[in-house]
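Because the structure is predicted, anything quoted here is derived from the model rather than measured.
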Amino acid sequence: MIKITLPDGAVREYPEGTNSMEIAKSISEGLARKVIAANVNGEIWDATRPIRNDASVNLLTWNDAGGKSTFWHSTAHLMAEAVESIFPGVKFWVGPAIENGFYYDMDLGGRQISEEDLRNLEAKMTELAARQNKYIRKEVPKAEAIHFFQEKGDEYKLDLLQNLKDGEITFYTQGGFTDLCRGPHIPDTGIIKALKLTNIAGAYWKGNEKNKQLTRIYGVSFPSKKELDEYLLMLEEAKKRDHRKLGKEMGIYTMDDEVGQGLILWMPNGTIIIEELEKLAKETEQAAGYQRVVTPHIAKESLYLTSGHLPYYQESMYPPMELDGTKYYLKAMNCPHHHKIFAAEPRSYKDLPLRLAEYGTCYRFEQSGELFGLMRVRCLHMNDAHIYCSKEDFAKEFRAVNEMYLKYFRIFGIDKYVMRLSLHDPSKLGVKYVNEPELWLETEAMVRKVLKDTNTPFVEVLDEAAFYGPKIDVQIWSAIGREFTLATNQVDFAQGRRFKLEFTNSENGHDTPLIIHRAPLGTHERFIGFLLEHYAGKFPLWLAPLQVKLLPISDKYVGYAQSVLESLKNADIRASIDDRSEKIGRKIRDTELARVPFMLIIGEKEMNDHQVSVRRQGKGDIGVQDVETFVRDIKSEIKLRS
RNA sequence: GCCGUUGUAGCUCAGUGGUAGAGCACUUCCUUGGUAAGGAAGAGGUCAAGAGUUCAAUUCUCUUCAACGGCUCCA
């Protein structure tokens with residue numbers, strides 16, 4: 001007998017060689033039906049794998065992350081089985097579970113696969129699943145495994161085998177399909193009740209674009225039809241919140257083939273949001289001791305040779321234009337221009353920290369396949385600033401920048417974010433990173449210390465730094481689950497020297513300033529894309545392109561509505577009148593759907609009493625107010641940016 | 001850049017080898033109303049662009065462009 005410890009601390013005895021499924025059955029049949037896998041001593045195991053020694057066991061069901069991923073991984077095997085039966089001779093690479101489902105990479109030998117094939121595969125998978133084939137685990141000696149895949153002619157699996165040691169190789173078989181796999185898997189295919197193959201994509205072998213491109217099929221599966229339907233419904237809902245859809249619907253931005261890919265045309269409504277964001281940034285930066293500058297969109301090649309950007313980033317810059325033998329580049333970053341402003345005057349330690357801010361327009365020649373709505377574009381407006389400071393001031397300045405981030409996050413209600421400390425990879429010094437090993441370690445330690453001192457939660461990642469120094473990237477998630485880097489806060493110990501930037505220190509010597517690059521609001525493009533999804537288009541009052549819509553009950557009250565409109569406009573409130581000869585119900589509906597924060601209904605009573613009947617978007621009728629009271633209240637709400 | 005899919009009215013989408021339709025939106029008229037859709041009429045499309053096959057192409061083929069889903073990349 002062996003002792004099994006359950007999550008609640010209970011210890012039960014079972015015969016040696018029992019398995020998690022047996023354990024579940026001993027607790028209840030209902031539980032046994034739901035068990036997908038089990039966490040045995042911290043490792044996820046098949047529910048049917050024999051347990052030989054005392055162990056702590058946590059049974060996993062669909063509701064556990066480990067259960068879900070096992071379920072999806074097993075569905076990937078089921079898909080492979082279906083693929084193999086329909087396309088004999090296919091070779092497989094890997095088929096993991098991912099955040100929402102699974103995929104399998106395969107070499108179809110040059111064969112193309114269509115949407116129709118996916119439907120056929122789904123049907124085949126459903127058929128195979130219904131057979132309730134067991135997933136059978138088998139430990140295989142390396143020589144035998146190699147022989148198996150040599151017979152099959154699958155060089156991808158042979159490649160995988162190279163890195164595996166004899167004695168740790170396992171095969172899993174379900175129905176007629178055997179795969180090299182460390183597992184774990186669900187007990188049998190019967191519990192896969194609903195599935196959908198979602199899309200086909202090319203994926204480079206081992207993620208390297210120099211390698212052959214394999215065919216990747218994505219899918220998702222569920223233990224019931226109901227859950228699949230819910231998932232599909234969720235996707236529909238997410239679509240409605242997509243910034244590309246909302247941006248068009250709300251007249252925020254447009255794009256045009258003739259202007260060019262990835263080049264955003266900001267429409268009047270989008271421009272209002274841009275101006276409000278800039279107002280916020282300017283106020284905040286002014287209070288924090290920044291000074292504003294304005295710099296050109298282009299510069300000579302030599303500027304980027306000095307900065308060191310050219311060799312690292314030329315491919316991401318628009319090709320140069322040549323005038324009288326001199327090459328000019330559209331700027332992809334603002335820092336070199338700002339450095340030249342620093343260099344334009346002699347600087348004393350008394351001038352530092354010098355903080356230069358600009359909503360700079362940058363152009364980046366992103367690969368065409370990378371462009372994505374507002375999130376990834378070729379012309380962007382960055383909430384940029386560079387702080388030139390001494391080493392002594394660094395911690396204080398870096399900390400102040402972090403606090404600015406947090407201030408913005410509060411304003412926009414961003415509570416899901418991760419600060420990612422991006423470090424250099426020492427093996428790439430001189431290639432991807434400036435070859436200053438000691439400065440790297442020193443600045444990385446400085447940044448880490450600030451994060452620790454301020455109790456800022458962060459993760460560290462290797463090989464993600466800028467070429468000139470470590471950085472903090474802020475990862476955020478939009479309301480529909482899109483993750484991206486919003487903002488970045490970087491330390492730069494390299495460009496100061498490259499530009500020979502200097503200040504006179506208190507001992508009358510010369511020092512090179514450290515530079516902090518920071519962009520808390522990222523770019524207008526990405527940030528507004530984020531905000532659209534974050535708010536589902538229902539912007540808070542201060543950002544809403546149209547803040548108030550006046551809805552006269554009939555034509556008779558348009559005159560009075562116009563006088564109210566005057567009062568609102570005099571108070572700098574963005575308002576307009578719906579003077580269509582429509583019924584009030586219709587006007588309310590249209591205004592609600594247009595996501596206007598306030599509606600003022602104006603009829604006989606309001607006109608006589610110099611009042612307005614106020615309706616708040618999403619909340620409905622909130623009563624009658626004097627015009628002056630309404631203006632005062634709304635003004636204060638706008639000012640608070642709440 | 002690579003793999004795959006898609007491209008018909010402002011939007012969402014039907015449809016056909018014989019030069020096109022619906023709903024919503026839009027315009028005009030009627031209606032003048034009290035908190036989420038009043039009625040009627042009208043206008044609107046080189047069917048992404050170019051080439052080929054054909055008596056005839058929006059439809060079939062090819063190329064280009066763009067968008068979308070991924071991969072790779074992302075200062």
Side-chain angles (χ1 to χ4, degrees), chain A residues 98 103 105 108 112-118 198-218 239 242 244-245 248-249 251 254-258 260-262 304 307-310 312-317 331-336 362 364-373 375-377 380 382 384 422 432 464-469 471 473 484-485 488 490 492 495 517 519 526 551-558 580-593 599-606 613-618 620-623:
Chain A
I98 51 175
Y103 67 78
D105 283 351
L108 289 163
Q112 283 197 352
I113 197 160
S114 66
E115 288 287 324
E116 200 188 328
D117 292 323
L118 290 191
T198 48
N199 57 54
I200 312 162
Y204 299 108
W205 185 41
K206 296 187 179 179
N208 184 336
E209 65 178 321
K210 293 193 177 67
N211 285 346
K212 180 168 183 174
Q213 195 159 52
L214 304 176
T215 302
R216 174 174 295 181
I217 302 178
Y218 284 90
K239 243 182 177 169
D242 190 308
R244 292 167 297 186
K245 183 175 165 63
K248 175 150 194 68
E249 232 170 73
T254 188
M255 290 193 259
D256 188 279
D257 286 3
E258 211 168 3
Q261 274 186 293
Y304 300 107
S307 73
H309 282 100
L310 217 43
Y312 293 97
Y313 299 115
Q314 189 164 23
E315 281 188 9
S316 308
M317 294 174 79
K331 71 176 173 187
M333 64 294 294
N334 305 302
C335 29
C362 298
R364 297 181 179 181
F365 195 76
E366 303 284 1
Q367 294 188 72
S368 62
E370 281 316 316
L371 301 171
F372 177 72
M375 302 298 195
R376 197 78 182 270
V377 296
L380 42 99
M382 206 190 304
D384 212 356
S422 301
K432 190 172 169 188
E464 292 284 340
F467 78 87
Y468 44 67
K471 60 177 178 171
D473 285 326
F484 48 88
T485 304
T488 162
Q490 313 175 344
D492 178 354
Q495 289 196 62
H517 303 236
R526 194 169 276 189
L551 310 180
I553 299 275
S554 85
D555 294 354
K556 285 182 235 159
Y557 315 110
V558 171
R580 295 176 301 168
S581 49
E582 288 291 348
K583 288 190 175 176
I584 194 66
R586 175 57 180 268
K587 291 185 182 182
I588 288 169
R589 179 183 157 81
D590 289 348
T591 313
E592 283 281 348
L593 293 176
M599 278 162 258
L600 300 182
I601 285 127
I602 288 169
E604 182 85 35
K605 284 183 297 201
E606 290 79 7
S613 174
V614 185
R615 212 186 135 95
R616 181 111 206 193
Q617 211 269 346
D621 192 351
I622 57 171

request  = Inspect the contact between A:Glu582 and A:Lys587 and indicate whether a charged nitrogen and a carboxylate oxygen are less than 4.0 angstrom apart.
outcome  = no
inquiry  = Less than 4.0 angstrom between a side-chain N/O of A:Arg244 and OP1 or OP2 of B:A67, yes or no?
reply    = no
Under 4.0 angstrom between A:Lys212 side-chain N/O and B:C2 OP1 or OP2 = no
query = If you measure only the distance, is there a donor-acceptor pair under 3.5 Å linking the side chains of A:Tyr468 and A:Gln490?
reply = yes
Quick one: which protein N/O atoms are closer than 3.5 Å to N/O atoms of nucleotides 4-6 of chain B? Pair and distance per line, please.
from	atom 1	to	atom 2	distance (Å)
B:G4	OP1	A:Gln112	NE2	2.7

inquiry  = Can you tell me if A:Gln367 touches the phosphate of B:C2, counting only side-chain N or O atoms and a distance under 4.0 Å to OP1 or OP2?
reply    = no
remark   = Considering only heavy side-chain atoms of A:Ile588, the closest of B:G34, B:G70, B:A36 is B:A36
inquiry  = Side-chain N or O of A:Ser581 versus OP1/OP2 of B:U31: is the shortest distance under 4.0 Å?
reply    = no
Do any N or O atoms of the protein come closer than 3.5 Å to N or O atoms of nucleotides 8-13 of chain B, and which pairs are they?
none

Any A:Arg586 side-chain N or O less than 4.0 Å from OP1/OP2 of B:G38 = yes
Phosphate OP1/OP2 of B:C30: any A:Arg580 side-chain N/O under 4.0 Å = no
Heteroatom pairs (N/O) under 3.5 angstrom, protein to nucleotides 44-51 of chain B:
none

